[in-house]
Amino acid sequence: MPELPEVQTAIDDLLSAGLPGRRILEARVNRPGSVKPLDPDQFSRMVRGLVFRGIRRRGKYIIFTMSGDLSILAHLRMTGQFKLSSTADGTDPHDRVIFSLEDRRTLRFHDTRAFGRLLCTPSPGDILDRLGPDALDPALTPVQFTHMLHSRRRQIKALLLDQGFIAGLGNIYCDEGLYRAGIHPLRRSDTLGSGEAILLLHAIRSVLATALRNRGTSLGTGETNYMSGGKRGENRSSLQVYGRENQQCLRCGSIIKKIYVGQRGTHYCPVCQPDQRK
DNA sequence: AATACAGCCTGGACGC
DNA sequence: TGCGTCCAGGCTGTAT
């Protein structure tokens with residue numbers, strides 16, 4: 001599932017493949033829903049002739065800075081991937097949007113489950129300004145993070161998943177961060193001591209940094225599996241709780257539990273993350 | 001303000 | 001083997 005490390009890996013791969021500087025000759029939208037709320041013709045007309053200038057990330061959004069003061073915002077959601085091919089390969093039914101580039105390569109937005117979106121806009125801030133600070137933004141200090149947690153009173157796991165609170169975390173790295181910080185996923189955010197809050201931010205960043213080094217987490221195989229640059233991510237072996245329900249905790253040997261928090265599967269160790277709800 | 005839940009999708013895992 | 005059923009996930013919109 002693309003979360004911050006997977007999105008960053010996708011960006012890094014596009015950068016090293018030399019996407020910046022390339023011009024879009026034409027865009028074909030195979031699935032109208034993938035460019036909503038624009039309609040396919042509108043989208044194609046808008047991006048035709050634009051040149052990729054830069055690629056950045058904010059939370060889980062990819063921001064392609066384009067010529068003409070436009071941006072293309074991409075959200076991969078569950079199964080979105082960008083594929084850059086040197087030739088016009090055979091058609092794939094899951095290539096939702098296909099960009100023909102001036103250098104004869106093709107950039108494909110491949111998305112099995114079709115949850116992902118591409119948006120071309122002059123004002124990406126309309127969307128990005130709704131996000132909280134990026135989890136890896138050094139401007140987010142432990143002290144600020146502590147204040148943020150104390151100003152809300154929600155279950156910590158649900159809060160970390162809220163992109164308007166902090167941007168970039170998804171289900172996997174939330175569970176991993178809470179585990180490493182020893183915090184129960186149902187703890188209310190305003191009951192965390194400042195020591196715990198600081199530990200949590202550090203744990204989250206450490207989990208993300210490891211995942212980034214491993215090029216993200218790929219789980220199963222096949223169509224729904226995360227890949228970038230034609231390669232799987234190697235982070236799965238670094239996961240300590242996610243997907244390990246009914247297995248032993250690697251730290252204390254207790255059995256990892258799975259519960260649901262806000263309709264999301266949530267994995268934790270009942271001993272290492274004691275329930276101290278107030 | 002927080003929570004719940006449907007809806008968007010479809011491959012893959014599972015049970016029979 | 002082949003069918004049916006359920007699940008996974010991020011995010012938005014609506015209702016409570």
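In what follows, chains carry the letters A, B, and so on, assigned in the order in which the sequence lines appear, proteins first and then strands, with residues in each chain numbered from 1.
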Given [options], which nucleotide is nearest the side-chain atoms of [X]?
X	options	result
A:K60	C:dT12, B:dC9, C:dG10	C:dG10
A:R96	C:dC11, B:dT10, B:dA4	B:dT10
A:H75	C:dC11, C:dA8, B:dC8	C:dC11
A:R154	B:dA2, C:dC11, C:dA8	B:dA2

request  = Go through the steps to decide whether A:L149 and A:E196 satisfy the test side-chain contact (heavy atoms from CB on, under 4.5 Å), and finish with yes or no.
outcome  = CA-CA 11 Å; A:L149 290 175; A:E196 288 177 305; over 6 Å; no
In this structure, SG of A:C272 is separated from CZ of A:R180 (nearest 0.5 Å) by 11.5 Å
d(A:S67 OG, A:L50 CG) to nearest 0.5 Å is 4.5 Å
Hey, does [X] reach any base, or is it just sugar-phosphate, or nothing, if we go heavy atoms under 4.0 Å?
X	result
A:R153	sugar-phosphate
A:R77	base
A:K157	nothing
A:Y226	nothing
A:Q263	base
A:R117	nothing

**Asked** Would you say the side-chain atoms of A:E6 pair up with the backbone N or O of A:E3, donor to acceptor, closer than 3.5 Å?
**Response** yes
Would you kindly give the [atom1]-to-[atom2] distance between [X] and [N], to the nearest whole Å?
X	N	atom1	atom2	result
A:L219	B:dA13	CG	C1'	14 Å
A:H110	B:dG11	NE2	C1'	12 Å
A:N171	C:dA8	CG	C1'	9 Å
A:L131	C:dC11	CG	P	8 Å
A:L160	C:dC11	CG	P	13 Å
A:E6	C:dA8	CD	P	18 Å
A:F165	C:dC11	CZ	P	15 Å
A:K258	C:dA8	NZ	P	4 Å

Contacts of A:R264 and A:Q155 projected onto DNA chain B by closest heavy atom; the upstream (5') one is A:Q155
Is there aromatic stacking of A:F115 against B:dC9, centre distance under 5.5 Å, plane angle under 30°?
-> no
A:Q163 vs C:dC11: side-chain N/O to OP1/OP2 distance below 4.0 Å: yes
Could you tell me whether the phosphate oxygens of B:dC9, OP1 or OP2, come under 4.0 Å of any side-chain nitrogen or oxygen in A:H94?
no
Note to self: I'd like to know if A:R152 reaches the base of B:dA1 with its side chain, counting only an N/O donor and acceptor under 3.5 Å.
What the structure shows: no
inquiry  = Under the criterion ring-ring contact (aromatic ring centres under 6.0 Å, His included), I'd like the reasoning laid out for A:F64 against A:F82: C-alpha separation, chi angles, the key distance, then a yes or no.
reply    = CA-CA 12 Å; A:F64 297 96; A:F82 281 101; 5.3 Å; yes
inquiry  = I want to check a possible cation-pi pair here: A:R31 against A:F109, using under 6.0 Å from ring centre and within 45° of the ring axis as the test.
reply    = no
